[in-house]
S.K.: 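Sending over a structure as structure tokens; questions will come in a sec.
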Amino acid sequence: MKVSVKVPATTANLGPGFDCLGLALPIYNEITVEETVMPGSGIEINILEDNESFDVMSIPKDENNIAYKAIELLYNFIGQTVSDIKITIKTNIPVTRGLGSSASVIVGGLLAANKLLGNPADEAVLLSIASEVEGHPDNVTPAMFGGFCISSLESDGSVIYSKLDWPLDWKITVLIPDYELDTIIARSVLPENISISDAAFNVRKCAMLIDAVYKKDAELMKKSLKDRIHQPYREKLIKGFRELNEFFEDKEDIIGCVVSGAGPAILVISQNDGFEKVKDDVNIILNDLNVNCDIKTLSIENEGSKII
Ligand code: HSE
């Protein structure tokens, strides 16, 4: 028996919501888990590229693979050990770009293995394991449930989350550069401590952001998409972010410009027909800086992961 799961890409943080806010996007990986026919054959992990431009060579094909690690924790949860298993990851989400490719394989592996095992774990357990493997819940939560999610990893390892309707008119333009940025590096540049004034700044922006989404208030959203916890430190690793952020600050129908997750992808959030000009503007700015990127305007993925 084998089970396949289709899992969306995600973008985390959305400016002030570091390790807390996330949004699912309609780009998908497909993860298949099956029991291998020959007992004793061990672990087999295959990576199939849907998009040849991504360097998937760096994805581990042994016990260090994160889908495998998540599946192993699920087996431990039910008091078993993983023996013979085959995991196939069909990748379409760009890797190490800040678009939740790791979250998607963790969630896909877990949901597929759980179904293979007869669904022993409920949603809360799966989300908790996924967050443990990923280290934070902001990508795995929308990868699982779709839409715009607020999530909190609690000290006991459980995850509390809420899902809010994202305004249909707010489009996301994703700028995916042709270089990678490992999340470990992007987290290593963050300071261990921040000032009380920066913390207070993010608390109020993040609180306003939730209200802006709830009220579908683009003006309030524009004022909320500001951050002092991670973007100022990561800016040096993300080519063109400062320039784009300054350029889009006062443009009509542009709601904001933020780093996607840990980067290096960048999001431009717009309303009405604002997205139509984004591509040309971005191309002009990034060409001057010699940065190549793929630009996609997307709606929100509201369904989350699906067993197919
Ligand atoms: N919240 C995480 C970060 C997302 O910014 O490091 C990375 O996957």
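All values reported here derive from a predicted model rather than from experimental measurement. All ligand and atom numbering here is 1-based and tracks the order in the structure.
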S.K.: Are any non-hydrogen side-chain atoms of N13 and V259 less than 4.5 angstrom apart?
M.R.: no
S.K.: With a cut-off of 4.0 Å, which atoms of ligand 1 are near a heavy atom of D138?
M.R.: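 Those qualifying, in numeric order: 1 (N), 2 (C), 4 (C).
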S.K.: Between T183 and ligand 1, does any nitrogen or oxygen pair lie at a separation below 3.5 Å?
M.R.: no
S.K.: Under a 4.0 angstrom heavy-atom cut-off, which atoms of ligand 1 come close to F18?
M.R.: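 Every atom of ligand 1 under 4.0 Å from some heavy atom of F18: 3 (C), 5 (O), 6 (O).
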S.K.: With heavy atoms of R187 as the reference, note each atom of ligand 1 found under 4.0 Å away.
M.R.: 1 (N), 2 (C), 3 (C), 6 (O)
S.K.: With V5 as reference, evaluate V33, T32, L111 under the side-chain contact (heavy atoms from CB on, under 4.5 Å) test and give the passing residue.
M.R.: L111
S.K.: Identify whether the distance between the nearest side-chain nitrogen and carboxylate oxygen of D281 and K279 falls below 4.0 Å.
M.R.: no
S.K.: Which ligand 1 atoms, with their elements, are less than 4.0 angstrom from a heavy-atom of N13?
M.R.: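 Ligand 1 atoms under the 4.0 Å threshold to N13: 1 (N), 3 (C), 5 (O).
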S.K.: Pick one of side chain, backbone, both or neither for how H230 approaches ligand 1, counting any non-hydrogen atom pair under 4.0 Å.
M.R.: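 For H230, there is no contact with ligand 1 at all, from either part.
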S.K.: Going by an N to O cut-off under 4.0 Å, is there a salt bridge joining D19 and R187?
M.R.: yes
S.K.: Among all protein heavy atoms, pick the one closest to atom 7 (C) of ligand 1 and tell me residue, atom and distance.
M.R.: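 Result for atom 7 (C) of ligand 1: H136 CE1, 3.6 Å.
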S.K.: Salt-bridged, K226 to E249, with N to O below 4.0 Å?
M.R.: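 Here K226 pairs with E249 in a salt bridge, since their nearest N and O are under 4.0 Å apart.
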S.K.: Test of understanding: given a 4.0 Å heavy-atom threshold, classify the contact between R234 and ligand 1 as side chain, backbone, both, or neither.
M.R.: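 Within the 4.0 Å criterion, R234 contacts ligand 1 through side-chain atoms alone.
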S.K.: Hey, what do you get for OH (Y233) to CZ (R228), rounding to the nearest 0.5 Å?
M.R.: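 Separation between the atoms: 10.0 Å.
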S.K.: As an exercise, identify every atom of ligand 1 less than 4.0 angstrom from a heavy atom of D19.
M.R.: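 With D19 as reference, the close atoms of ligand 1 come out as 1 (N), 2 (C), 3 (C).
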S.K.: Report whether V3 and I78 are members of the same hydrophobic cluster (ILVMFWY, side-chain heavy atoms less than 4.5 Å apart, transitive linking).
M.R.: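 In one cluster: yes.
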